[in-house]
Participant: 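Sharing a structure below in structure tokens format, with a few things to ask.
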2 protein chains.
Amino acid sequence: MGIAERRLRQKEEVRSRILATAWQMVKDDGWQSVSIRKIADAIEYSVPVIYDHFESKEAILMEFGKEAFRLLSKKIQQAKEKSKKPAEQLKAIADAYWHFAVKNKQYYQLMFGLGMQGCEIDKCFPERSEFRKQVMQPITQMIEKSKDPSSNVCLKYHTFWSILHGLISIKFMDNSDISDELNKMVLDDAIEGFIKNLS
Amino acid sequence: MGIAERRLRQKEEVRSRILATAWQMVKDDGWQSVSIRKIADAIEYSVPVIYDHFESKEAILMEFGKEAFRLLSKKIQQAKEKSKKPAEQLKAIADAYWHFAVKNKQYYQLMFGLGMQGCEIDKCFPERSEFRKQVMQPITQMIEKSKDPSSNVCLKYHTFWSILHGLISIKFMDNSDISDELNKMVLDDAIEGFIKNLS
DNA sequence: CTATATTTGCTAACGGTGTTAGGTAAAACG
DNA sequence: CGTTTTACCTAACACCGTTAGCAAATATAG
């Protein structure tokens, strides 16, 4: 009974066309410009069809957020695999995070930026916890071997992430008289300070 | 000819009622919920009257942003006056910044958070430069007396602000399993690392 | 005090938004 | 072939920011 399967395939196709169209809009004019009606128009279906595939407009944007977190995790993983030394791993992670954000600005904004009102990131994006684990591991290792093994890992993780996120969101805010090279220097400077303080 | 003055006063009164109403809305339900129509309703005028006082809805919100920057500057100034030592000044500034953000969440979000799309913060809020100056001064002093006087002040300022902003925006994002005390510890930890690295 | 000019404030519209109720036509099944 | 299910659409609801154009109230000049 291939009929049901074909129908499922067709439905899946519409779904992915919705996503593709929405993503095009995000890329072209930012997530603010995504509109259900414009999507419907582009995929040549009527508006309510979109609601057969997604609960709301936010749910569509959320899809990209999830994808973004998955991609970030992959990049972080790759970065970690470059070395076995925790300190170098942390540097590589910071590097990868920075590059991810710069190269995927729209993704990054969907992940954090957009005030997306009713979204407590942790509940919306369980994918985030993967990132936390990845970062916490080398930090834990470093703390264990450090002068002050009583340091709070969770605290240090938070500091690490804050430096990264702060720098990136500032970069995105005033886009910008400050060149990427300078920004990268700031990042390296801050991360280096962080790692020194850790060992 | 007191007539013109009375009219000006009345006009001013309407203006401030618009702002007061809008601010109430921001406080109650966030800046997203501000609507021209609801303001008009609340002040018992028709919608176009609001456009006699403000160019657009964004302009109304911007007013709060400006006010916020002025308040922040005042707080930073007060913090600086607590000590003459640059290192202590920096700590006090970080402290004041943190408290400002926590106590005036809505202000802080209007200043940076809100993706307010078409607003390159620097052009929108010239008030920001005051903050930059205030922070750069003690940093410059510290660098001059440091081991490495060739450090880039601008870079260090950026790092300092990034740490603050990153921590705060993360705090606001996942509001939050992490207590304020822990967050404050993270901040102190990061700033201490920064200052150590500076001297 | 009247006539003109100005200001003030309104109604109503334009063109958009997300979302949903309800009905029709097509496809699948027995 | 008739019935049921599914797919899909039209049309509406309730909003939004913004603006054109007009009426009434006010102030100014003669």
Side-chain angles (χ1 to χ4, degrees), chain A residues 1-19 21-26 28-64 110 114-119 124, chain B residues 1-19 21-26 28-64 110 114-119 124:
Chain A
M1 206 128 293
I3 289 169
E5 290 171 23
R6 182 212 43 173
R7 295 234 271 190
L8 231 143
R9 240 183 307 128
Q10 282 178 341
K11 192 147 191 166
E12 194 52 46
E13 226 248 289
V14 171
R15 190 189 134 95
S16 74
R17 277 178 62 203
I18 292 172
L19 288 173
T21 307
W23 183 242
Q24 192 60 48
M25 289 170 179
V26 172
D28 291 348
D29 307 295
W31 65 270
Q32 309 255 19
S33 82
V34 172
S35 126
I36 299 279
R37 290 173 135 96
K38 281 193 287 183
I39 295 172
D41 217 57
I43 65 170
E44 294 173 293
Y45 275 92
S46 72
V47 167
V49 168
I50 291 167
Y51 288 89
D52 292 341
H53 298 273
F54 299 94
E55 253 203 357
S56 66
K57 178 179 151 177
E58 246 199 322
I60 297 175
L61 294 176
M62 218 86 80
E63 212 63 36
F64 302 130
L110 282 169
L114 43 55
M116 208 103 151
Q117 76 219 59
C119 167
C124 273
Chain B
M1 205 127 293
I3 289 167
E5 290 172 21
R6 183 211 42 172
R7 295 232 273 191
L8 231 145
R9 242 183 304 127
Q10 284 178 341
K11 192 147 189 166
E12 194 53 46
E13 226 248 289
V14 172
R15 191 190 135 94
S16 75
R17 279 178 62 202
I18 292 171
L19 287 173
T21 308
W23 183 242
Q24 193 60 48
M25 288 169 178
V26 172
D28 291 349
D29 308 295
W31 65 270
Q32 310 254 16
S33 82
V34 172
S35 122
I36 298 280
R37 288 173 135 95
K38 279 193 287 182
I39 295 172
D41 218 56
I43 65 171
E44 293 173 292
Y45 276 91
S46 70
V47 166
V49 167
I50 290 167
Y51 288 90
D52 292 341
H53 298 273
F54 298 95
E55 253 205 358
S56 67
K57 178 179 150 177
E58 247 198 322
I60 297 174
L61 295 175
M62 220 85 78
E63 213 61 36
F64 302 132
L110 281 170
L114 41 56
M116 207 104 149
Q117 77 220 61
C119 165
C124 274

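Chain letters run A, B, ... following the sequence lines, proteins first and then strands; every chain starts at 1.
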Participant: What integer distance in Å separates B:Arg15:CZ from C:dT8:P?
Facilitator: 15 Å
Participant: Rounded to whole angstrom units, what separation is found between the CD atom of A:Glu55 and the C1' atom of C:dT20?
Facilitator: 13 Å
Participant: Quick one: side-chain contact (heavy atoms from CB on, under 4.5 Å) partners of A:Arg9, sequence neighbours excluded?
Facilitator: A:Arg6
Participant: Using the 3.5 Å cut-off, write out each protein N or O paired with an N or O of nucleotides 4-7 of chain C and the distance between them.
Facilitator:
none

Participant: So, does A:Arg6 get its side chain near the phosphate of C:dA27, meaning an N or O under 4.0 Å from OP1 or OP2?
Facilitator: no
Participant: Just jot down the salt bridge (Lys or Arg N to Asp or Glu O under 4.0 Å) partners of B:Arg7, sequence neighbours excluded, or say none.
Facilitator: none
Participant: Could you state the atom-to-atom distance from CG of B:Asp52 to P of D:dT18 in whole Å?
Facilitator: 14 Å
Participant: Go through the structure and list residues passing side-chain contact (heavy atoms from CB on, under 4.5 Å) with A:Ser16, not counting sequence neighbours.
Facilitator: none
Participant: With sequence neighbours excluded, tell me which residues meet salt bridge (Lys or Arg N to Asp or Glu O under 4.0 Å) with A:Arg17.
Facilitator: none
Participant: Any non-hydrogen side-chain atom of B:Ile50 less than 4.5 Å from a side-chain atom of B:Ile60?
Facilitator: yes
Participant: Would you kindly give the NZ-to-P distance between A:Lys38 and C:dT17, to the nearest whole Å?
Facilitator: 6 Å
Participant: Check whether any side-chain nitrogen or oxygen of A:Tyr45 sits under 4.0 Å from OP1 or OP2 of D:dC9, and answer yes or no.
Facilitator: no
Participant: Counting only N and O atoms by type, is there a donor-acceptor contact under 3.5 Å from the side chain of A:Lys38 to the main-chain atoms of A:Ser33?
Facilitator: yes
Participant: Using the side-chain contact (heavy atoms from CB on, under 4.5 Å) criterion, which residues pair with B:Glu12? Sequence neighbours excluded.
Facilitator: B:Arg15
Participant: Atom NZ of A:Lys57 to atom P of C:dT20: distance rounded to whole Å?
Facilitator: 14 Å
Participant: Using the side chain to side chain donor-acceptor pair (under 3.5 Å) criterion, which residues pair with B:Gln24? Sequence neighbours excluded.
Facilitator: B:Asp28
Participant: Mind checking ring pair (Phe, Tyr, Trp, His ring centres under 6.0 Å) for B:Tyr45 and listing every partner two or more places apart, or none if nothing turns up?
Facilitator: none
Participant: Expressed as a whole number of angstroms, how long is the span from B:Gln10:CD to D:dA25:C1'?
Facilitator: 13 Å
Participant: Are there any protein N/O atoms within less than 3.5 Å of an N/O atom in nucleotides 11-15 of chain D, and if so, which ones and at what distance?
Facilitator:
{"from": "D:dA12", "atom 1": "N6", "to": "A:Arg37", "atom 2": "NH2", "distance (Å)": "3.4"}

Participant: Rounded to whole Å, how long is the line connecting atom CD1 of B:Ile36 with atom C1' of D:dT18?
Facilitator: 9 Å
Participant: By nearest nucleotide on DNA chain D, pick out whichever of B:Val34 and A:His53 is the more 5' one.
Facilitator: A:His53
Participant: Would you kindly give the CZ-to-C1' distance between A:Phe54 and C:dG18, to the nearest whole Å?
Facilitator: 16 Å
